[in-house]
Amino acid sequence: MHADLVGLGAIVLIAGLVARLGRRYGFPTVPCYMLVGILLGPGTPGPVLIDHPEDLAILASLGLVLLLFHLGVEFPAEQVLGSGRRLFIAAGVYIGLNVTAGLALGFALGWGTSEALVTGGALGISSSAIATKLLIELRRLTNAETPIILGIIVIEDMFLAFYLALLSPVLNDSGSTADFVVDLLVSFGFLVLLFAMARFGARAIALVLNSREDELLAILMVGLVVLVAGIALEVGVSEAIGALMIGLVVSRTSLKDRVEQLVMPLRDVFAAIFFVSFGLTIDVGDLGSVALPAAVAVVITVCTNLTAGIVTARLFGFNQRAATNIGLTVLGRGEFSLILATLAIAAGLDERIGPFVALYVLVLAIAAPLLAAQSRHFARFVPDRLLRSRYRYVRAETMSTSCTHQDQMHYTETDIDVCQECVDIGSTWVQLRLCMKCGYVGCCDDSPHKHTSAHYEREHHPVIQSLEPGADWQYCYVDEILVRQPLGRASSS
């Protein structure tokens with residue numbers, strides 16, 4: 001018993017230290033936890049802190065339950081339902097492409113139908129934690145495409161509930177077709193029951209949980225979540241979906257904000273144990289046999305994400321830079337892929353599923369931040385005809401409101417309709433730009449002499465505005481961003 005406590009304490013402490021080091025270099029915490037489990041587990045030569053990963057099963061299960069419960073509590077249902085048809089189409093394209101590619105890869109590997117469904121989910125659902133963290137670290141919260149990225153992530157979370165309900169009878173190994181149909185109906189019936197509870201029973205749940213003392217509220221909350229997760233298991237539904245749905249119920253009560261604050265530290269601690277525990281089950285010797293499939297999966301995911309990003313950008317009228325930002329920001333895979341792999345291992349599916357998903361998640365955890373940070377380079381290879389040709393001049397930039405030089409926008413209109421410097425030398429121009437600080441009018445960078453850029457080099461006036469009819473953008477040379485037209489100012493024409 002003492003040795004077990006020492007091993008658990010040591011491995012959790014080391015996981016925290018490694019995660020802290022990883023955060024300094026921009027890496028998410030989930031793969032750090034998983035890597036510690038792999039390196040210090042029984043499947044890797046060297047020191048072993050936990051000889052029997054199954055000893056952590058209850059703690060790991062609690063981490064899974066709290067992770068999904070917190071997701072349900074913070075799920076913005078009203079925001080999703082009111083977000084409009086285009087967002088649902090964009091999210092559908094993203095999920096459809098990635099899940100279909102995952103299913104196709106699973107069948108191509110010949111691991112079986114159940115394994116293909118797990119592979120489809122693992123490749124299809126991105127990590128909301130990694131994506132959100134990237135948006136903050138890359139300072140893209142004010143970009144025009146960011147609300148769309150967040151909307152896609154939220155709809156993915158909603159899709160996860162239905163996918164888990166579909167997967168439960170498969171993982172339970174329903175025998176005949178009739179048994180499968182019955183199990184499927186039970187899974188979706190449980191979903192409907194909890195949805196109805198969220199709609200009509202939130203007040204009753206609030207009465208059960210309500211307490212002025214945070215200590216008692218936390219105890220009542222954990223008890224309710226674990227109870228519902230256990231009942232879900234008893235009726236043949238994943239404990240993950242039970243926790244997610246009771247989180248949705250709690251999110252509709254007046255206790256939502258307090259519960260969210262109380263559950264977060266519990267979630268973080270036990271979720272870390274869940275990811276470490278998953279790493280402990282991985283045998284390094286098995287990684288070699290899945291290296292090629294994992295590499296293929298990574299390449300497929302990059303391609304499907306970029307394709308979905310282009311489709312989304314076209315739907316919303318964004319340019320190339322926004323398209324690659326969308327595709328590469330939601331590239332990371334993490335907690336949900338590992339949850340599916342854990343359920344597959346518990347169901348006794350092909351033993352290669354665990355190492356495959358682990359390696360896939362680890363590679364993308366490293367690749368996603370690096371690729372997202374360099375999205376501007378990928379934007380150069382997106383043809384104009386896939387989006388809108390009017391973005392050709394500024395296609396490498398993203399619409400934003402974070403320009404720090406808007407106080408220097410003194411001119412928004414002009415009567416000048418020629419580039420005088422071009423006229424003086426007998427040259428022509430493609431489009432005209434207005435210097436918003438001094439009123440200078442010059443030719444654009446697609447013109448032979450690029451007089452507007454030359455004016456910036458001489459005078460260091462930061463912001464220009466397009467003088468093309470219908471154009472509604474300004475560009476800041478210093479911040480290197482395309483600035484959204486301020487409200488109340490009309491574009492010059």
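All values derive from a computational prediction rather than experimental measurement. What's counted below: heavy atoms across the whole structure, side chains too, no hydrogens, waters or symmetry copies. Residues take their numbers from the sequence shown, with the count starting at 1.
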Side chain to side chain donor-acceptor pair (under 3.5 Å) involving [X] - partner list, sequence neighbours excluded:
X: S126; value: E156
X: R352; value: D350
X: Y360; value: T301
X: E351; value: none

### Query
Among all residues two or more places apart in sequence or in another chain, which pass the salt bridge (Lys or Arg N to Asp or Glu O under 4.0 Å) test with R267?
none
So, does [X] use its side chain to make a donor-acceptor pair with the main chain of [Y] at under 3.5 Å?
X: S251; Y: L248; answer: yes
X: T329; Y: I326; answer: no
X: N98; Y: G124; answer: no
X: N210; Y: A206; answer: no
X: T304; Y: I300; answer: yes
X: T253; Y: V250; answer: yes
X: R314; Y: L386; answer: yes
X: S211; Y: L216; answer: no
X: S337; Y: R333; answer: no
X: Y94; Y: V330; answer: yes

Minimum heavy-atom separation for [X] and [Y], please, with both atom names.
X: R86; Y: L315; result: NH1-O, 3.1 Å
X: L331; Y: L364; result: O-CD1, 3.6 Å
X: K256; Y: V73; result: CE-O, 3.1 Å
X: I282; Y: P355; result: CD1-N, 3.8 Å

### Query
Crowded around I58 CD1? As in, over 12 foreign heavy atoms under 6.0 Å?
no
### Query
Do the rings of F275 and Y33 sit parallel, tilted or perpendicular, given the 30° and 60° boundaries?
parallel
### Query
What residue pairs, at least two apart or across chains, pass salt bridge (charged side-chain N to carboxylate O under 4.0 Å, His left out) with a residue in residues 43-60?
none
### Query
Hey, are the side chains of L266 and L262 touching, using non-hydrogen atoms and a 4.5 Å cut-off?
no
#### Entry: side chain to side chain contact (heavy atoms under 4.5 Å, CB included) partner of M34, the single match among T29, L362, V276, L39
L362
